[in-house]
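What follows is a set of notes on a single structure, which appears directly below.
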Amino acid sequence: MTRIVQPPESSIELLTRAYALAGVTILELAESLGVILPHKLLHGKGITGQLLEQCLGATAQSKAQPDFVHLGIELKTIPVNSLGKPLESTYVCTTPLTYSANIQFEESVVYQKIRHVLWVPIITDKKKSLSNRRIGTALLWQPTPDDLAILRTDWEEHMEQIMLGDLEKITAHQGVYLQIRPKAANSRARRLGINSDGNLITTLPRGFYLRPQFTQMILQKNYW
DNA sequence: GGATGATCATAT
DNA sequence: ATATGATCATCC
């Protein structure tokens with residue numbers, strides 16, 4: 001998608017733009033941008049996030065960088081029910097599977113993406129169509145020290161398992177706030193990884209995700 | 001009903 | 001081919 005909106009110059013400007021979208025439906029947003037919505041969300045799972053990126057002036061890249069690089073802010077749309085409860089987990093970034101060097105949590109892509117997030121709730125009724133989902137009140141958020149302590153521990157445990165070459169032992173059951181799940185076109189997709197003997201292997205691509213319990217806590221703490 | 005593992009579209 | 005944008009589909 002082409003960018004027709006200039007990037008916001010400050011976090012305040014970004015938040016002001018986001019607030020102005022509260023109450024707008026996805027159909028209205030799409031029409032204002034001249035975008036035709038897919039008839040089924042199955043064939044346009046990422047469209048909501050892409051519409052928000054476009055109208056908020058995100059620096060449209062597919063990189064391991066926050067959406068607003070100059071502000072260090074990541075944009076996340078999050079589907080919520082009428083009570084504000086998240087309906088899905090939140091993808092963070094690709095999980096490195098050939099990891100070896102000594103890297104600290106604060107240097108990780110996970111941290112760079114999570115340290116400052118503009119959450120845009122999308123009020124969603126899964127029985128209804130994408131077009132009548134409605135944008136909620138945005139929240140500019142940073143993790144608390146307690147949040148960070150848990151996220152750091154989760155990340156360290158995941159990365160240790162990867163460094164030990166235990167890729168096939170990874171399961172979504174692991175991690176308090178941050179989990180690892182498949183992130184691929186399908187279950188036959190393969191990426192390079194390292195096994196417990198230190199040899200290169202191919203394995204299922206994975207991504208880091210935030211559990212809904214965590215994002216629910218974020219939203220409810222900040223809206224209530 | 002909620003979580004895990006699987007999947008779809010697009011940009012680069 | 002891989003990363004980002006996510007939600008779907010099935011199992012418990």
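In this text the structure is predicted, and so the values were computed from the model without any measurement. In the text below, chain A, chain B and the rest are named by the order of the sequence lines, each starting its count at 1.
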Is any NZ, NE, NH1 or NH2 atom of the basic residue among A:Arg211 and A:Glu88 found under 4.0 Å from an Asp or Glu carboxylate oxygen of the other? no

Ion pair A:Glu106/A:Arg115, N-O distance below 4.0 Å: no

Separation of atom [atom1] in [X] from atom [atom2] in [N], rounded to whole Å:
| X | N | atom1 | atom2 | answer |
| --- | --- | --- | --- | --- |
| A:Gln65 | B:dA11 | CD | P | 20 Å |
| A:Glu53 | B:dT12 | CD | C1' | 13 Å |
| A:Arg191 | C:dT4 | CZ | P | 11 Å |
| A:Leu210 | B:dA3 | CG | P | 14 Å |
| A:Arg206 | B:dT4 | CZ | P | 14 Å |
| A:Leu87 | B:dA3 | CG | P | 11 Å |
| A:Leu83 | B:dG1 | CG | P | 13 Å |

Between A:Trp141 and A:Phe214, what is the ring plane arrangement, given parallel below 30°, perpendicular above 60°, and tilted in between? perpendicular

Take A:Gln213 and A:Leu204, find for each the nucleotide of DNA chain B with the closest heavy atom, and name the residue whose nucleotide sits nearer the 5' end. A:Gln213

Earlier contact from the 5' end, DNA chain B, for A:His173 and A:Asn186: A:His173

Under the 6.0 Å and 45° cation-pi test, does A:Arg181 pair with A:Tyr209? yes

Can you find a side chain N or O atom of [X] that sits less than 4.0 Å from OP1 or OP2 on [N]?
| X | N | result |
| --- | --- | --- |
| A:Arg211 | B:dT4 | yes |
| A:His43 | B:dA9 | yes |
| A:Gln54 | C:dG5 | no |
| A:Gln179 | B:dA3 | no |

For nucleotides 6-9 of chain C, give me every protein contact, N/O to N/O, under 3.5 Å, one pair per line with atom names.
residue	atom	partner	partner atom	Å
C:dA6	OP1	A:Thr77	N	3.1
C:dA6	OP1	A:Thr77	OG1	2.6
C:dA6	O5'	A:Thr77	OG1	3.4
C:dA6	N6	A:Tyr209	OH	2.8
C:dT7	O2	A:Lys45	NZ	3.0
C:dT7	O4	A:Arg181	NH2	3.4
C:dC8	OP2	A:Lys126	NZ	3.2
C:dC8	O4'	A:Lys45	NZ	3.4
C:dC8	N4	A:Glu88	OE1	3.3

Considering every strand and a 4.0 Å limit on heavy-atom distances, what is the contact class for A:Lys113: base, sugar-phosphate, or nothing? sugar-phosphate

Mind checking A:Glu74 for me? I need base, sugar-phosphate or nothing, with any heavy atom below 4.0 Å counting as a touch. sugar-phosphate

Tell me, do A:Asn195 and A:Thr203 make a side-chain contact under 4.5 Å, heavy atoms counted? no

Identified side-chain contact (heavy atoms from CB on, under 4.5 Å) counterpart of A:Phe208 within the set A:Gln179, A:His158, A:Lys113, A:Lys183: A:His158

A:Lys85 has a side chain; which of B:dG5, B:dG2, C:dA3 sits nearest to it? B:dG2

Side-chain (A:Asp154) to main-chain (A:Val176) donor-acceptor, under 3.5 angstrom: yes

